[in-house]
Amino acid sequence: MSGLFFCSFMSKPLFAANWKMYRSYAQTIEQCKKDLDLLRRLGANATIDVALLPSTDALSAVGQIVAATGIYLGAQDCSAHDLGAYTGQVAAQSLRELGCSFVIIGHSERRAASDTDEIIAQKVGQAFKAGLAPIICIGEPEAVYNLGQTQQFLTKQLQALQSILSAHTTHHFNIAYEPVWAIGSGKTPTPPEISNTISCIRNFLETEIGSSQFRILYGGSVNQKNAGELKNIEPFEGFLVGKASLDIQEFAHIINMIE
Ligand code: PGA
């Protein structure tokens, strides 16, 4: 879905499917076509926002398949730079032109590969400039969690974003709290732990940065078995789902759109 969508969407929970590089281009298209009726039903639910985030190669084709379904399109990363001599990179502006509304920035798999705090802040700036709502991932490694230092760790990650977010307080964005140790592991923190962490993130964004146009999602091993319990997170504003979103039927179970 393209066009102006920023009027009321932040008040609804967002369910974002991060398909990573699990499938090839052809496999992605086949899956979307096979489950198009279900995607239509998900997109037609006015009480939630649903976004598909396929790999970059499939954005255009997936965008065409879900056009007019109400499903949003998102990308998994963008360049930190304006258009220019950056071989192999994809500009935020191009993602917007392809119909994206969202872009993941700072996923732990990108942080592990090359993205520093500084690059992540630049990418967030590019997303804002292009009119995309970033889904900015933050999260602590297991050793930090075990030491009980999650909040200090996340505060540092947020401080690195302070200047770019302060300069764009009227722009919409999403924070995805994704503990690194929960991604793809089958392990998750408890809902009260997540609620506590989310409240610390919210407090930082509101009081240190002055932001108000944001949602805080949870991500990391969300599946159809634990989604009901994880929805007890207070307040519940959505999930960033990896592996379990590959099966659109399971994704719909997580959203609670099918029994
Ligand atoms: P997972 O991934 O749901 O497979 O744990 C989540 C993510 O990496 O965004």
Side-chain angles (χ1 to χ4, degrees), residues 13-23 27-28 31 42 48-56 58-59 62 71-78 95 100-115 120 123-124 127 132-142 144-145 150 153-154 157 161 173-191 193-194 197-198 201 214-233 236-257:
L14 168 64
F15 294 90
N18 175 12
W19 287 348
K20 309 194 181 189
M21 200 185 71
Y22 278 119
R23 287 206 180 97
Q27 290 166 348
T28 303
Q31 174 79 24
L42 296 180
I48 54 171
D49 289 326
V50 178
L52 299 184
L53 292 80
S55 52
T56 313
L59 279 172
V62 171
I71 300 256
Y72 291 106
L73 190 66
Q76 299 173 12
D77 192 21
C78 69
L95 298 176
C100 288
S101 301
F102 297 99
V103 58
I104 297 177
I105 295 176
H107 190 281
S108 68
E109 287 152 17
R110 300 277 354 130
R111 288 181 189 260
S114 57
D115 283 9
I120 289 163
K123 290 183 174 186
V124 171
L132 297 166
I135 300 175
I136 307 165
C137 297
I138 60 173
E140 80 287 359
E142 189 154 26
V144 170
Y145 171 79
T150 296
F153 189 90
L154 298 182
Q157 288 187 322
L161 295 163
F173 65 94
N174 304 272
I175 297 286
Y177 168 50
E178 297 206 308
V180 177
W181 53 273
I183 295 174
S185 66
K187 297 187 280 186
T188 67
T190 63
E193 281 177 313
I194 300 171
T197 304
I198 280 180
I201 297 169
F214 61 86
R215 281 183 287 220
I216 304 176
L217 319 178
Y218 170 76
S221 291
V222 177
N223 58 43
Q224 62 180 323
K225 290 203 189 90
N226 62 20
E229 199 204 341
L230 289 170
K231 282 184 187 159
N232 292 321
I233 294 167
F236 176 69
E237 296 182 327
F239 290 140
L240 178 58
V241 189
K243 188 117 200 194
S245 70
L246 283 173
D247 177 344
I248 295 169
Q249 303 276 336
E250 173 155 15
F251 189 45
H253 275 291
I254 290 168
I255 298 173
N256 202 18
M257 284 285 292

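Keep in mind that this is a model prediction, so the values were computed, not measured. Counting convention: from 1, in listed order, for ligands and their atoms alike.
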Checklist entry - Would you say Ser221 touches ligand 1, if touching means a heavy atom closer than 4.0 Å? => result yes
Checklist entry - Does Lys243, backbone or side chain, put an N or O under 3.5 Å from an N or O of ligand 1? => result yes
Checklist entry - Short question: side chain of Arg23, backbone of Leu246 - any donor-acceptor pair under 3.5 Å? => result yes
Item to check | Donor-acceptor under 3.5 Å (Tyr177 side chain, Pro179 main chain) | outcome: no
Next on the checklist: Using a 3.5 Å distance criterion without hydrogens, assess whether the side chain of Asn226 forms a donor-acceptor pair with backbone atoms of Ser221.
Outcome noted: yes
Item to check | Geometric N/O contact Leu240 with ligand 1, under 3.5 angstrom | outcome: no
Checklist entry - Checking Glu250 side chain against Asn223 main chain: does a donor-acceptor pair fall under 3.5 Å? => result no
Item to check | Per-atom contacts of ligand 1 with His107, taking only distances under 4.0 Å to non-hydrogen atoms | outcome: 7 (C), 8 (O), 9 (O)
Next on the checklist: If you measure every N or O of Tyr22 against every N or O of ligand 1, does any of those distances drop under 3.5 Å?
Outcome noted: no
Checklist entry - Between the side chain of Arg110 and the main-chain N/O of Ile120, is any donor-acceptor distance below 3.5 Å? => result no
Checklist entry - Should the ring pair Phe214 and Phe173 be called parallel, tilted or perpendicular, given that the plane angle runs from 0 to 90° and is split at 30 and 60? => result parallel
Checklist entry - So, the side chain of Gln76 versus the backbone of Lys20: is there a donor-acceptor pair under 3.5 Å, distance only? => result yes
Item to check | Nearest candidate to atom 6 (C) of ligand 1, where distance is taken over non-hydrogen atoms, out of Glu178, Lys187, Glu109 | outcome: Glu178
Item to check | Per-residue contact class, Ile183 against ligand 1 - non-hydrogen pairs under 4.0 Å | outcome: both
Checklist outcome for this item: Judged by heavy atoms only, the candidate from Cys137, Pro179, Gly184 nearest atom 5 (O) of ligand 1 is Gly184
Checklist entry - When the ring planes of Phe102 and Tyr72 are compared, do they come out parallel, tilted or perpendicular, using 30° and 60° as the limits? => result perpendicular
Checklist outcome for this item: For Lys20, the ligand 1 atoms with a heavy-atom partner under 4.0 Å come out as 2 (O), 7 (C), 8 (O)
Next on the checklist: Between ligand 1 and Ala244, can you find any atom pair, the residue atom being a heavy atom, that is separated by under 4.0 Å?
Outcome noted: no
Next on the checklist: If I apply the N/O under 3.5 Å rule, does Gly242 come out as touching ligand 1?
Outcome noted: yes
Checklist entry - Hey, which atoms in ligand 1 end up nearer than 4.0 Å to a heavy atom of Gly220? => result 5 (O)
